[in-house]
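Below: one structure, written as structure tokens.
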There are 2 protein chains.
Amino acid sequence: MRDPERTRAAILDAAFTEIYENGFQATSIDDIVAKASMTKGAFFSHFHSKNELGYALVDEVLKDMTLDRWIRPVAAYKNPVQGIITRFRKIIETTPEEHIALGCPLNNLTQEMSAVDPVFRDKIQAVLLMWIEETEKYLKKAQAEGYLRKNVNTRQVAEFVVMVEEGSFAIVKNLRDKKVYWALYESLKQYLESISERPEATQDPLVRR
Amino acid sequence: MRDPERTRAAILDAAFTEIYENGFQATSIDDIVAKASMTKGAFFSHFHSKNELGYALVDEVLKDMTLDRWIRPVAAYKNPVQGIITRFRKIIETTPEEHIALGCPLNNLTQEMSAVDPVFRDKIQAVLLMWIEETEKYLKKAQAEGYLRKNVNTRQVAEFVVMVEEGSFAIVKNLRDKKVYWALYESLKQYLESISERPEATQDPLVRR
DNA sequence: CTATGAACATACCGAATGGTATATTAAACA
DNA sequence: TGTTTAATATACCATTCGGTATGTTCATAG
């Protein structure tokens, strides 16, 4: 009946939802344990402090979430540049309406806690760097296979792509208008095609919109 | 000796700095009045609540700050597209090292308060929309004067440009590496040139870096 | 079977914080 | 000049919240 790992996971899960919806500072430990149907005793037997819960959220939840959403699916595409473009589109398509107003969980925590707590900053920075590095790997592969111009700086493009992916969520969160996503999608596509070796190879074979 | 307007301005000024450095929720009213060398009595005679101070910050400080930094200076350029590009570069150049880690004040407030308080959300949205609309005006002008391709959707590009301007500050805030700015600058430049009628007209006459 | 420690529950505390009640001072106006 | 009112100061309050102290229960090792 007692299952510490499940308890810990349940706390992380409840914390993720509450913090995603209300922000880290605006979420109290009482909110979290109530959502998880537990008590403070359980909470503090798994986390030494509220901040440590936040750190665990970044390390154990947000990191994997980022990989699952933005990185791993790209591997399925022959042309990685098309993979990045299409992945962006699919994320737009599959993001439920309620989540649009909430933005990207990683970015939210980033903007709220990065300047306030150096440990948060370092841990979030590590996730961002991983995101950029993994994106750059795809770009290098695209370059090696003749999809991307040889003279482009892959690190520079990777940084731009990740910034666009995060920045898009951030601005749409505020404008609360999903149509803006499509405008940003078109611009990202336009940009990536402008540095592609054979732009026609990035054409999406599926119907759009 | 008594000067309500100056008092109010001093409170807004102190609040801006404190909130910029620590976030809205992490800043207490006591922090603000201490910084402004006043007392709570003065504070509450000018603002009914902490939230109302925040609203005034958006309406009276951040809105103008955005115009001054991103919009008005662009008017001085013959080619508005070059104006946007150069303005982005100049903002990078003139942002002091300590402010890099703090990001964009508007964006910080946005990400922290937008999902939590609908009034914040609406007020910040208004500033963002103004930013986008003013940017689009420049793009339309550029189009009319033959700098920008006639077939580009100026609204779409304006949304992308503003997203890049905000998103760049956001990611550099976390990566804490000013060099990333230059990479993002090059990418924005590349993008805007790819939709320009005469790309050579966007060449910056000054030495870069 | 029992003892031991980890997992969870309950009650509580001290500090911080947004806000108020009330006093005081200074400017404006009659 | 005297009065009134807005501006500012001071003291205080109620609540919230992170965290702790102290149980209690369950699983597992010996």
Side-chain angles (χ1 to χ4, degrees), chain A residues 1-58 60 108-109 112-113 115-120 123, chain B residues 1-58 60 108-109 112-113 115-120 123:
Chain A
M1 191 128 297
R2 211 166 241 190
D3 190 339
E5 283 189 27
R6 256 172 68 115
T7 301
R8 190 191 149 94
I11 293 173
L12 277 173
D13 189 61
F16 172 81
T17 304
E18 284 291 307
I19 290 171
Y20 184 36
E21 287 173 2
N22 304 309
F24 183 79
Q25 300 183 82
T27 298
S28 72
I29 296 178
D30 285 331
D31 291 339
I32 294 169
V33 297
K35 179 112 185 175
S37 305
M38 324 198 150
T39 61
K40 268 189 180 174
F43 181 94
F44 279 97
S45 93
H46 286 279
F47 304 97
H48 291 329
S49 69
K50 187 186 174 187
N51 274 8
E52 285 217 359
L53 162 80
Y55 306 154
L57 258 185
V58 180
E60 298 169 36
N108 292 356
L109 202 61
E112 186 183 355
M113 300 306 293
V116 150
D117 181 308
V119 182
F120 267 109
K123 288 188 175 298
Chain B
M1 191 131 293
R2 212 165 241 193
D3 189 339
E5 283 189 30
R6 257 172 69 115
T7 302
R8 190 190 149 94
I11 293 174
L12 278 173
D13 189 61
F16 172 81
T17 305
E18 285 291 306
I19 291 172
Y20 183 37
E21 287 173 2
N22 304 309
F24 183 80
Q25 300 182 84
T27 299
S28 73
I29 297 178
D30 285 332
D31 292 338
I32 294 169
V33 296
K35 178 112 186 176
S37 305
M38 329 202 144
T39 59
K40 269 189 180 174
F43 182 93
F44 279 97
S45 93
H46 287 279
F47 304 96
H48 291 328
S49 68
K50 188 186 175 188
N51 273 8
E52 284 216 1
L53 163 79
Y55 306 154
L57 257 185
V58 179
E60 299 169 36
N108 292 357
L109 202 60
E112 185 182 357
M113 300 305 293
V116 150
D117 181 308
V119 182
F120 268 110
K123 288 188 175 297

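Here is the naming used below: chain letters follow the sequence lines, and residue numbers restart at 1 for every chain. Keep in mind it's a predicted model, so treat the numbers as computed, not measured.
If you measure from atom CE of B:Met38 to atom P of D:dA9, you get 7 Å, rounded to the nearest angstrom. Put simply, CD1 on B:Ile32 is 17 Å from P on C:dA16, counting in whole angstrom units. One atom, CD of B:Glu5, and another, P of D:dT8, lie 11 Å apart when rounded to the nearest Å. Whole-Å rounding puts the B:Asp30 CG to C:dT20 C1' distance at 14 Å. Atom NZ in A:Lys50 sits about 11 Å away from atom C1' in D:dT16, given to the nearest Å. In this structure, A:Ile29 places its CD1 atom 19 Å from P of C:dC13, rounding to the nearest Å. Between the CD1 atom of A:Ile11 and the P atom of C:dA7 there is a distance of 11 Å, given to the nearest Å. To the nearest angstrom, P of D:dT16 lies 16 Å from CG of A:Asn22.
The nucleotide whose nearest atom lies closest to any side-chain atom of B:Lys40 is, among C:dC8, D:dA11, D:dG18, D:dA11. Side-chain atoms of A:Thr39 lie closest to C:dT10 of the nucleotides D:dT8, C:dG18, C:dT10. Among the nucleotides D:dT8, D:dC17, C:dC8, the one closest to the side chain of A:Ser45 is C:dC8.
For the atom pair B:Asp117 CG and B:Glu112 CD, the distance stands at 11.0 Å (nearest 0.5 Å). How far CD1 of B:Ile32 is from CZ of B:Phe16: 12.5 Å, rounded to the nearest 0.5 Å. From A:Lys35, atom NZ reaches atom CD1 of A:Ile11 across 14.5 Å, with rounding to the nearest 0.5 Å. We find the NE2-CG distance between B:His46 and B:Leu12 to be 10.0 Å, quoted to the nearest 0.5 Å.
A close approach under 4.0 Å does occur between a side-chain nitrogen or oxygen of A:Thr7 and OP1 or OP2 of C:dC8. Under 4.0 angstrom from either OP1 or OP2 of C:dC8 there lies at least one side-chain N or O belonging to A:His46.
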Contact list (N/O, under 3.5 angstrom) for nucleotides 24-28 of chain D vs protein:
from   : atom 1 : to     : atom 2 : distance (Å)
D:dT25 : O2     : A:Arg2 : NH1    : 3.0
D:dT25 : O2     : A:Arg2 : NH2    : 3.2
D:dA27 : OP1    : A:Met1 : N      : 3.0
D:dA27 : OP1    : A:Arg2 : N      : 3.4

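Between B:Phe43 and B:Phe47, the angle of the ring planes lies from 30° to 60°, which puts this pair in the tilted group.
Although no hydrogens or angles enter the test, the distance criterion places a donor-acceptor pair under 3.5 Å between the side chain of A:Lys50 and the main chain of A:Thr27. Remark: the backbone N or O of A:Asp31 is not paired with any side-chain donor or acceptor of A:Glu18 at under 3.5 angstrom.
Across all strands, B:Thr27 comes closer than 4.0 Å only to sugar-phosphate atoms, never to a base (heavy-atom distances). Among the protein residues, A:Phe44 comes within range of the nucleic acid bases, having at least one heavy atom under 4.0 Å from a base atom.
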